[in-house]
Amino acid sequence: MKLPKAYEAGQYESDIYKLWEESGLFQADPNSSKPHFSMSMPPPNETSVLHMGSALFVTLQDIIARHQRQLGKDVLWLPGTDHAAIATNALIEKQLAEQGTDKHKIGREEFLKRTKEFVAANRDAIIVQLRAMGASCDWGRLRYTLDEALNRCVNEVFVKMWHDGLIYRGHRIVNWDPKLETTVSDDEVERIEKNEPLYTLQYGPFQIATARPETKFGDKYVVVHPDDKRYAQYEHGDTFEVDWLNGKVTATVIKDEAVEPKFGTGVMTITPWHDRTDFEIAERHGLEKDQIIDLKGKLLPIAGEFAGMKINEARPKIVEKLDKLGLLVKMEDRPHNIGLNSRGKGVIEPQIMLQWFIDVNRPAVNWKGQLRSLKEVMRAVVEDGDITIIPKRFEKTYYQWIDNLYDWCISRQIWWGHRVPVWYKGKGDKPEIYVGVRAPKGDGWQQDPDTLDTWFSSALWTWSTLVNQDLAKDYSLSLEDLLQKSGDFKTYHPTDVMETGWDILFFWVARMILATTYVTGEVPFKTAYLHGLVRTEEGKKMSKSDPDSIIDPMEVIPEFGTDALRLALVAGTTAGTDQRVGKTKIVANRNFCNKLWNIARYIQEALGENLRVVPVGRRVTSKSLANHWILNKLSICSEKVNKALANFKFHEAYEILYHFVWDDLADWYIEASKTEPNREVLNHVLENTLKIAHPFAPFVTETIWQNLEYDGLLAAQLWPEVASFDKPKAKQFEVIQSVVADARRVATILELKKPALYYSKAPILEANIELVKRLGRLGEVKASSEGLRLVNATEPVWLAVDKEQARKYRSALEKQIKELKADIERLKSRLASKNYKQNAPKELVEQTETELKEAKKQSGTIKHELDSLGN
RNA sequence: GGGUAAUUAGCUCAACGGCUAGAGCGCUUGAUUCACAUUCAAGAGGUUGUAGGUUCGAAUCCUGCAUUACCCACCA
């Protein structure tokens, strides 16, 4: 088919994707004799739609996958979606509220049914969008975190950890979100700074500071630093009577190093039930703990007349009462950190609760023959180089996170998710307990109502997705057997690359390392590449609460094409660094796609009807200098792009490709070929340029490939092998370029139209007169030596101008000679330094010498020219 | 309080101890229907935040300072 004038992406993309998918090209084959390459897709949340962040990860991973296929590997890029427990649960609850009901009214079963219906619909939308982005993943292996087999893996790991003493149930202080009524992990708590009053209260003989007067009802311990001389007269354990909020209380003095003597008065009272520091102090000294606030965020009867009130409502009233009692010494505004749930932004209220935890400090993991704690293993795999994190600086962030890691609270009080695989029989404090992959036999067992943190199941993602789905139904197999009998697991695990955003380094990357090393004895991936976040053109975070800030990929694609979007994302990306994306960037890259298209269009016309002038391969006959030159450039481009991709330098790879296509191929070679078209070379260069560009811009390249009726699918082609060429001849083309460039430059300055060019003793020009004429937009080109000497050309050439015009050029020459003089001085002084000659590499010194020689020579030429111009 | 980065052309970013610090967008001048105005040609524009240091050589390494962003942490 003859290509139309402009590339209209929307006309081709969906057909092209269908072509790929039906070919089976994206399917991995564990039995293949090719080397294997594997990568898991970070499963998008089912509640969300594809945003720019997802567009970025699809683009980068697709580039990796397509490039690996081109290198002749069997590639598994495994897609999937995540059940996103808290986010989904919250969304459904909101829907219910809008319908005037709630989850308790409809019951657990109905709630789960509705949620399933909702996510199923949404999942389909996400998958459509991933395809629209061109994702070349293996859809036959699509997984979902709540799949039966994955659920079994979750249960198996829970049970295994339980038996190893890595999972325990206990009363610990946790982050409670009264809004969503669930616990969340430490990582899910987001802190914001707010100016709030800090109250100083009179507590018996002491003055204490607090930002939360509403928690002070139960306070019966005052804590001071053991070395604080101001309070040396009090002994640890001393008691005294205090007139307090609701009457007299007996207070006890506690000495603990957690108190900072410099803060306020150096005295504090503690609320162990609602503060982690206080909790730890209480634990150390065996103190009593009282609950003040309930799980809905309301005050309990201990608060007397304030019982039942919400905190915000109660606080001013309590302060008022303190004032009346004469207990309020002063209040002043101070910045204060408030914990919010990152999902839903509910204010976190620490609570002591009976929950399930993962012990990160117990040495129960066999790693490389040593029994270590989860923390130690997580640290070791990165320190030992089993896992490489790109960029490297995130290793430090990762270590810091490990150092501050507490036991991981994994139980959630929501219904959507993997249910805790524990059953209880009997009531009271100590029921009979059963921990198992499946429900216990017999009557009277009740399953724990809680579900597991989403990240617990995501932590297993690299391998739980590779478990054989049918074998997973056979519960006579142990988890170990199951893994060993799963062909995909044996072939594709550990995965090669994990490509994801740095913002989920802790949530996900670290947790995968934790769980996978423990269960499989293998790392989940060898390299973790962390990309930056996509921001708006103004540098703002794209957020749902500010819809104007969002550029929706699904709106960009129909207007500019998927490739334009992909290229725009690649053009701005460096590992770990956030980038800004706006319309201008997308337009610029749409233009690049159109450039490729028009190159193909020109070559199609040049090739005529008989497209396949040369069989695929390296046999082409080059005649002209330009032919050799472009093949040289093509081979350099191919090599550099290949290397940059191998090193995850996506941005660099694209830049090399971009300039090869636009500058070398379009602006020089195609223009040159108009004088002397070489169908074989044109064909060869186009074919291989398409291959190199394909991972970046798969749609336009494949569309061209199909329209030009090349064999098979471009997506199935291997990385180019460039035809042989003659290097010295390639170099000679650069002589022509230098002459052309200088002629153009001078002609522009002097406003000449089609001037004549003269040359003397220049066989290269002599043999390429037509070419020089065309490229340089020149009139006549012949042997002579008059007019204005083109001093920047590497051959002796002159532009035919009259004396008057030539004089106009004097100032340009004078300026240039001035600059040359400075250069010569600089080079001379560099060479004059003994240390330079001794220490710098030989090539560099030689290069400097050459430069100096050339600068001197050119300076001579210009002087001579100036002299001959006269005044 | 601890940490990580950023600071380079008007804007957005590259350059990871060695050519004259590059690119895209924008800007200036010119071209015109022969692949592409989603084009072509030519050009202007930078003392690399700041003060020192190491080195034959520094945007790059080190130290201090300034500004900004982010992450972590139990200052009540």
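Side-chain atoms are counted along with the backbone in the values below, which use heavy atoms only and exclude waters and symmetry mates. Every chain is numbered from 1 and lettered A, B, ... according to where its sequence line falls, protein lines coming before strand lines.
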Holding to ring pair (Phe, Tyr, Trp, His ring centres under 6.0 Å), I want the full list of residues that pass it with Y529(A), two or more places apart in sequence or in another chain.
F648(A), F650(A)
How far, in whole Å, is G45(B) from G52(B) if one measures between their P atoms?
28 Å
Would you classify E655(A) as touching base, sugar-phosphate or nothing, given that sugar-phosphate means primed atoms plus P, OP1 and OP2, and contacts are heavy atoms under 4.0 Å?
nothing
Tell me, what's RNA chain B's dot-bracket, Watson-Crick or G-U with both distances under 3.5 Å, | for other-strand, [ ] crossing?
(((((((..((((....[...)))).(((((.......))))).....(((((..]....))))))))))))....
U12(B) to U4(B) separation - P atoms, rounded to the nearest Å
26 Å
For the side chain of E851(A), starting at C-beta, report the closest nucleotide among C19(B), A41(B), U39(B).
C19(B)
Ring centres under 6.0 angstrom apart (Y658(A), F696(A)):
no
Nucleotide of C75(B), U4(B), A41(B) approaching R744(A) most closely (side-chain heavy atoms)
A41(B)
Whole-Å C1' distance, U55(B) and U7(B)
24 Å
Walking RNA chain B from its 5' end, the first of Y7(A) and R393(A) to be reached, judged by nearest nucleotide, is R393(A)
How would you list, by chain and number, every residue that makes a salt bridge (Lys or Arg N to Asp or Glu O under 4.0 Å) with K834(A), sequence neighbours excluded?
none
OP1, OP2 of U4(B) versus side-chain N and O of K396(A): anything below 4.0 Å?
yes
Could you tell me whether I208(A) contacts a base, only the sugar-phosphate backbone, or nothing, with contacts defined as non-hydrogen atoms closer than 4.0 Å?
nothing
Please state the P separation for the pair G57(B) and A14(B) - nearest whole angstrom.
29 Å
Measuring from the side chain of L844(A) (C-beta onward, heavy atoms only), which nucleotide among U38(B), G18(B), A76(B) has the closest atom?
G18(B)
From the candidates A76(B), C74(B), A35(B), the one with an atom nearest any side-chain atom of R276(A) is C74(B)
Where the side chain of E671(A) is concerned, which of C75(B), A35(B), C71(B) is the nearest nucleotide?
A35(B)
Of the listed C70(B), G18(B), A76(B), the closest approach to the W502(A) side chain comes from C70(B)
Have a look at K262(A) and say if it touches a base, only the backbone sugar-phosphate, or nothing, with a 4.0 Å heavy-atom cut-off.
nothing
So which of residues 398-406 of chain A are in contact with RNA chain B, with a heavy-atom cut-off of under 4.0 Å?
Q400(A), N404(A), Y406(A)
Pairs under 3.5 Å (N/O, protein and nucleotides 59-63 of chain B):
none

Identify whether any heavy atom of A571(A) sits under 4.0 Å from a base atom; if not, whether one sits that close to sugar-phosphate; answer base, sugar-phosphate or nothing.
nothing
Taking any heavy-atom pair under 4.0 Å as a contact, classify R745(A): base, sugar-phosphate, or nothing.
sugar-phosphate
What residues, two or more places apart in sequence or in another chain, satisfy ring pair (Phe, Tyr, Trp, His ring centres under 6.0 Å) together with W408(A)?
none
Side chain of R601(A) (C-beta onward), nearest among C74(B), C36(B), U12(B):
C36(B)
Could you measure between the two C1' atoms, the one in C65(B) and the one in A21(B), and give it in whole Å?
25 Å
Between V587(A) and Y836(A), which is nearer to the 5' end of RNA chain B once each is assigned its nearest nucleotide?
V587(A)
Considering only side-chain heavy atoms of Y602(A), which listed nucleotide, U38(B), A35(B), A76(B), is closest?
A35(B)
Select one nucleotide: of C36(B), A41(B), A14(B), the one nearest the side-chain heavy atoms of R777(A).
A41(B)
Looking only at U38(B), A41(B), U4(B), the nucleotide nearest the E8(A) side chain is U38(B)
Results of ring pair (Phe, Tyr, Trp, His ring centres under 6.0 Å) for Y12(A) - residues two or more places apart only:
Y7(A), W597(A)
Separation between the P atoms of U63(B) and A5(B), rounded to whole Å:
12 Å
Taking the C1' atom of each, how far is A69(B) from G49(B), in whole Å?
15 Å
Where at least one partner belongs to residues 251-281 of chain A, residue pairs that pass ring-ring contact (aromatic ring centres under 6.0 Å, His included), sequence neighbours excluded
none
Taking only residues two or more places apart in sequence, or in another chain, which ones meet F660(A) in a ring pair (Phe, Tyr, Trp, His ring centres under 6.0 Å)?
none
Would you indicate what T269(A) reaches in the nucleic acid, counting non-hydrogen atoms under 4.0 angstrom: base, sugar-phosphate, or nothing?
nothing
With a 4.0 Å cut-off on heavy atoms, is R212(A) in touch with a base, just the backbone sugar-phosphate, or nothing at all?
nothing
With heavy atoms under 4.0 Å as the rule, sort T277(A) into base, sugar-phosphate or nothing.
base
With rounding to whole Å, what would you report as the distance between A44(B) and G3(B) at their P atoms?
46 Å
Is there a side-chain contact between N839(A) and the phosphate of C56(B), meaning an N or O under 4.0 Å from OP1 or OP2?
yes
At under 4.0 Å between heavy atoms, what does N337(A) touch on the DNA or RNA strands: base, sugar-phosphate, or nothing?
base
Can you list everything that forms a salt bridge (Lys or Arg N to Asp or Glu O under 4.0 Å) with D256(A)? Sequence neighbours excluded, please.
R284(A)
All salt bridge (Lys or Arg N to Asp or Glu O under 4.0 Å) counterparts of R745(A), not counting sequence neighbours
D742(A)
Quick one: list whatever passes salt bridge (Lys or Arg N to Asp or Glu O under 4.0 Å) with D278(A), sequence neighbours left out.
none
